Amino acid sequence: MKIYNSPYRQIEEFIPLRPPLVTVYTCGPTVYDKAHIGHWFNYVRMDMLIRTLIINGFEPKWVMNITDVGHLVSDADEGEDKLEKGARREGKSAWDIASKYTADFLEGMQQMNITTPSLIVKATEHINDQIDLIKLLENKGYTYVIDDGVYFDTSKFPEYGDFAQLDLDEQKTGARVSFNPQKRQPQDFALWKFSPKDRRRDMEWDSPWGKGFPGWHIECSAMSMKYLGETLDMHTGGIDHIAVHHTNEIAQSEAATGKRFANYWMHSNHVLIDGQKISKSLNNSITLADIEKRGYSADVLRLHILESHYRSQSRFSFESLNAAQNRLNDYRSMAALRYQARKVTNDAGTFALEDVPKELAGILANDLDTPSALAFLSQVSTQLQTVHIEEDMLDHFVKMLQGIDNALGLRLMEVKDITDEQKDLIHQRESARAAKNWQLSDEIRGHLQRQGIALKDAQHGPIWSLL
RNA sequence: GGCGCUGUGGCGGAAUGGUUACGCAGAGGUCUGCAAAACCUUUUAUGCCGGUUCAAUUCCGGUCGGCGCCUCCA
């Protein structure tokens, strides 16, 4: 299997430390607001990594975190905690906000058919692990304390910035962000933030340095290493995390252990709406609920996501969502053939059904090439819908559908059979046609169409499919 | 200002130093009782200018445009 390794900017052969085990850590959401399609692009692509590993014989252990404390409004460790801000907005406590949007996120994961991670871990349930890690860094001399928190001294970690190929001096030139003047370097980041003197936070804990809460970055290092070991096979996240969050994770993790933090890094690019990325400030987010309101299912969104490569900036529009809907209908029509196997005597049937999942696994193993996987699937679908499925092919056919679902998560196995009543109508229409009663025949066809069932009169008889 | 990515047909979106995926949409045709599906054809696709090469959309340089990061943000 090959994968693009972000820091090296090249496609590399993927070699885990202890095959078939693959340790994967994914930066999950900060649960202070509803997830939007940008999140789903990201997590579907992470899901494709996990699926691709599995169908290529690996056994991933996948840990994803939920950031339910400590992510400030600014990555520069300034401003409010997002959770506290969300709480104020909704007149609830930060704890309520976290649990509300955690539930919202997990429900979306199910709807999008994203593989359930081996472990979903919350920052607030690992405060002691984070404090321990900060203590370790303090003992090794990487930290200093100023009036608003404990900071990591990036000058003690000379490789800081290598990962993102940052030119720290040049970055400073145009930076528009103000920072605490007590910080030794602008890029130094908070490991622990103190609670404000004048008020009580919803979320705060005691620590050796004073009451407060962990910085945003430390949770990922503490939790990933706790559950997956000091060196991860794969660390993933959104492309926006490269410069700050992942750079900081590497600094604090490698400073603490003296070992390489992760061997491979996968970053999902952003999706654009009307040529711009989704962000709070542009107020242009679209949620899964918005999409469903327009009549599209999560499966359609998922297919649309797979149509572009994870490393390219993709574009979202309802027009392309509609294209994905039609494409999904075609795949579902193919899946419906499992209920319509019949004996045929023609020469069709040379298609190697059992090779389809293998072929998909191979395509995806090339840097998660989902566009090519779908191109291949469309060819399969077209071919299968022009031959008839023979009864003795049925086992292979169903296995093939299962294989496609394992690879792509499109839920083709969930396509239901039509009712006996509907089947009876199809028979009635055949009788009418035999009697050249075209009016009745067309009435029945129209009737079924209104129920979402399309009929095609193939050589060997009618085939139904889903609209 | 610094760094990075990018510019493919009506739309989305791959790939490639020489024969131009795939999906959606449009047009014509074959087939069909009529449709649908399928198949065939079709709608002058690789921003612009140079360079390298027998050959560039693909490599290099320049130029114009778009986007991202350096604030929020997957």
Side-chain angles (χ1 to χ4, degrees), chain A residues 9 26-30 32-33 35-46 71-76 78-79 82 85 161 164-179 186-187 236-245 267-272 275-282 285 303-304 306-317 319-331 333 369-379 381-383 385-387 433 436-439 441-442 445-446 449 454-459 462-465 467:
Chain A
R9 301 183 186 191
T26 292
C27 288
T30 302
Y32 67 105
D33 205 344
H36 56 64
I37 55 168
H39 296 98
W40 300 126
F41 268 75
N42 185 55
Y43 297 112
V44 165
R45 287 156 167 181
M46 300 316 162
H71 195 163
L72 300 182
V73 171
S74 155
D75 280 355
E78 303 289 321
K82 287 180 181 173
K85 189 181 178 186
Q165 300 188 19
L166 300 175
D167 184 332
L168 297 172
D169 293 332
E170 296 296 344
Q171 292 261 13
K172 266 189 287 187
T173 312
R176 280 164 287 170
V177 61
S178 61
F179 58 91
Q187 64 271 19
T236 79
I239 196 171
D240 52 307
H241 283 154
I242 293 175
V244 178
H245 182 53
H267 290 102
S268 165
N269 209 327
H270 286 303
V271 57
L272 306 179
Q276 289 186 300
K277 75 166 196 158
I278 304 164
S279 69
K280 288 285 156 207
S281 48
L282 291 168
S285 72
L303 179 59
H304 176 51
L306 299 184
E307 285 183 321
S308 62
H309 192 95
Y310 75 91
R311 282 194 284 118
S312 65
Q313 264 178 348
S314 6
R315 287 171 262 211
F316 175 87
S317 68
E319 190 186 355
S320 31
L321 201 59
N322 203 52
Q325 173 76 70
N326 290 334
R327 188 176 201 167
L328 183 62
N329 287 348
D330 177 62
Y331 296 161
S333 295
D369 190 355
T370 54
S372 295
L374 292 182
F376 172 68
L377 183 55
S378 285
Q379 283 176 354
S381 175
T382 298
Q383 289 189 51
Q385 290 185 73
T386 48
V387 308
R433 290 185 69 219
K436 296 193 191 295
N437 186 346
W438 309 127
Q439 193 187 345
S441 139
D442 289 352
R445 184 168 65 198
Q449 186 154 354
L455 289 180
K456 308 168 206 174
D457 293 320
Q459 272 196 331
I463 295 283
W464 58 264
S465 63
L467 291 170

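Chain A is the first sequence line, chain B the second, and so forth, proteins listed ahead of strands; every chain is numbered from 1. Side-chain atoms are counted along with the backbone in the values below, which use heavy atoms only and exclude waters and symmetry mates. Quick caveat, the model's predicted, so the values are computed rather than measured.
Of all heavy-atom pairs between Ser312(A) and Arg45(A), the closest is O-NH2, 4.0 Å.
Here C22(B) is the nucleotide among G13(B), C22(B), C11(B) with the atom lying nearest to any side-chain atom of Ala375(A).
Distances shorter than 4.0 Å separate none of the side-chain N or O atoms of Asn269(A) from OP1 or OP2 on C5(B). Residue Arg315(A) places at least one side-chain N or O under 4.0 Å from the OP1 or OP2 atom of G13(B). OP1 or OP2 of G13(B) has not a single side-chain nitrogen or oxygen of Ser312(A) nearer than 4.0 Å.
Rounded to the nearest Å, the gap between the C1' atom of U19(B) and that of C3(B) is 40 Å. Straight-line distance between the P atoms of G7(B) and A14(B): roughly 9 Å, to the nearest whole Å. Atom name C1', nucleotides U43(B) and C11(B): the rounded distance is 14 Å, in whole Å.
In this entry A14(B) has no Watson-Crick or G-U wobble partner, no candidate having both defining distances under 3.5 Å. Under the Watson-Crick or G-U wobble criterion, with both distances below 3.5 Å, C39(B) is paired with G29(B). Across the strands present, G61(B) finds its partner in C49(B); the criterion is a Watson-Crick or G-U wobble pair with both atom distances under 3.5 angstrom.
Between the side chain of His270(A) and the base of A74(B), a donor-acceptor pair under 3.5 Å is found.
Ion pairing between Asp330(A) and Arg327(A) fails under the 4.0 Å rule for side-chain N and carboxylate O.
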